[in-house]
J.: 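Dropping a structure here in structure tokens format, bear with me for questions.
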Amino acid sequence: MKILIATDGSKFSEAAVEKICQMINIAENIEIEIASAYEMPIMAVGAPYELPTGYNPALENELKQLTGYSVSQAERQIREHFPDSQVNVTTKILCGTPKQAIVQEAEEWGADLIVVGSHGYGFWERMVLGSVSNAIVHHAPCSVLVVRN
């Protein structure tokens, strides 16, 4: 079974990792991929006919590092939960909107299950902020486990 864990480094993602660790038996043939996505912000144009500030490599590097930290924390959490086993865990840092990047990665990797935490937003928060877990549920090529904290 191939399990894709989507993380953003939040306490909700940590709860999702903890839940899947409780549910699986690592002796089974299980592959785990931990993925997180970062999105480059849109560069605004200052005044009419002014060029956008453009690509910022320092910003992208910082976003990659923060995303990498989230992924490594989730990996550490899994390895601590299964200290004496050779857990088959890989990690991936994705660039793009998390909603789309996670679904695309699940398709390309052939995931059987996506595990994602839920921030528990109500209707109005979802309208303003969007919901990654909701989008994944509706567009995933496989089953999705949404863990509420």
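What you are looking at is a predicted structure, and each value in this text was computed from that prediction instead of being measured.
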J.: Please report the interatomic distance OH(Tyr38) to CG(Asn61), rounded to the nearest 0.5 Å.
T.: 9.0 Å
J.: For the residue pair Ala101 and Leu94, what are the closest heavy atoms and their distance?
T.: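 Where Ala101 meets Leu94 most closely, the heavy atoms are O-CD1, 3.6 Å.
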J.: Please give me the minimum heavy-atom distance between Cys95 and Glu60, naming the atom from each residue.
T.: SG-OE2, 4.5 Å
J.: So Ile24 and Ile32, do their side chains get closer than 4.5 Å, heavy atoms only?
T.: yes
J.: Quick one: are Ile34 and Ile78 in side-chain contact, heavy atoms under 4.5 Å?
T.: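 They are in contact (side-chain heavy atoms under 4.5 Å apart), so the answer is yes.
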J.: For Gln100 and Thr97, run side chain to side chain donor-acceptor pair (under 3.5 Å): C-alpha distance rounded to whole Å, both residues' side-chain angles, the deciding distance at 0.1 Å, then the answer.
T.: CA-CA 6 Å; Gln100 295 171 337; Thr97 60; 2.9 Å; yes
J.: Check the side chains of Ser72 and Glu75 for a donor-acceptor pair under 3.5 angstrom, ignoring hydrogens and angles.
T.: no
J.: In sequence, state the C-alpha distance, the side-chain angles, and the governing distance for Glu108 and Gln104, and then conclude on side-chain contact (heavy atoms from CB on, under 4.5 Å).
T.: CA-CA 6 Å; Glu108 292 174 2; Gln104 182 177 351; 2.9 Å; yes
J.: Which atoms form the tightest heavy-atom contact between Ala37 and Thr67, and what is the distance?
T.: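 For Ala37 versus Thr67, the nearest heavy atoms are N-CG2, 4.1 Å.
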J.: Is there side-chain contact between Cys21 and Gln77, with at least one heavy-atom pair below 4.5 Å?
T.: no
J.: Does CD belonging to Glu62 count more than 12 external heavy atoms closer than 6.0 Å?
T.: no
J.: So for atom NZ, which belongs to Lys2, do other residues, nucleotides or ligands contribute more than 12 heavy atoms lying within a distance under 6.0 Å?
T.: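 For Lys2, atom NZ is crowded (more than 12 foreign heavy atoms under 6.0 Å).
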J.: Does Val17 reach the side chain of Thr7, with side-chain heavy atoms less than 4.5 Å apart?
T.: no
J.: Would you mind reporting whether Lys99 and His139 have side-chain heavy atoms less than 4.5 Å apart?
T.: no
J.: Kindly compute the distance separating OG (Ser133) from CG (Asp8), expressed to the nearest 0.5 Å.
T.: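 If we round to the nearest 0.5 Å, Ser133:OG and Asp8:CG are 10.0 Å apart.
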J.: Can you tell if the side chain of Met1 reaches within under 4.5 Å of the side chain of Glu31, non-hydrogen atoms only?
T.: no
J.: Between Arg79 (side chain) and Val87 (backbone), is there a donor-acceptor pair under 3.5 Å?
T.: yes
J.: Is there a continuous path of hydrophobic side-chain contacts, each under 4.5 Å between heavy atoms, that joins Leu63 to Tyr69?
T.: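 The answer is no; the residues belong to distinct hydrophobic clusters.
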J.: Do you reckon Leu66 sits in the same ILVMFWY cluster as Leu59, going by side-chain contacts under 4.5 Å, direct or chained?
T.: no
J.: Minimum heavy-atom separation for Asn25 to Ile30, with atom names?
T.: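 Between these two residues, the closest heavy atoms are O-CD1, 3.5 Å.
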J.: When you compare the side chain of Asp112 with that of Cys142, does any pair of heavy atoms fall below 4.5 Å?
T.: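 Side-chain contact under 4.5 Å: no.
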J.: If you compare all heavy atoms of Gly68 against all heavy atoms of Ile93, which two are closest, and at what distance to 0.1 Å?
T.: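 Looking at all heavy atoms of both residues, the shortest contact is CA-CD1, 3.5 Å.
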J.: Is any side-chain heavy atom of Leu145 less than 4.5 Å from a side-chain heavy atom of Val116?
T.: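 Result no, sub-4.5 Å side-chain heavy-atom pair not found.
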J.: For the residue pair Val71 and Ser36, what are the closest heavy atoms and their distance?
T.: CG2-CB, 3.5 Å
J.: For Leu4 and Trp109, run side-chain contact (heavy atoms from CB on, under 4.5 Å): C-alpha distance rounded to whole Å, both residues' side-chain angles, the deciding distance at 0.1 Å, then the answer.
T.: CA-CA 9 Å; Leu4 175 63; Trp109 186 57; 4.1 Å; yes
J.: Is any NZ, NE, NH1 or NH2 atom of the basic residue among Lys92 and Glu33 found under 4.0 Å from an Asp or Glu carboxylate oxygen of the other?
T.: no
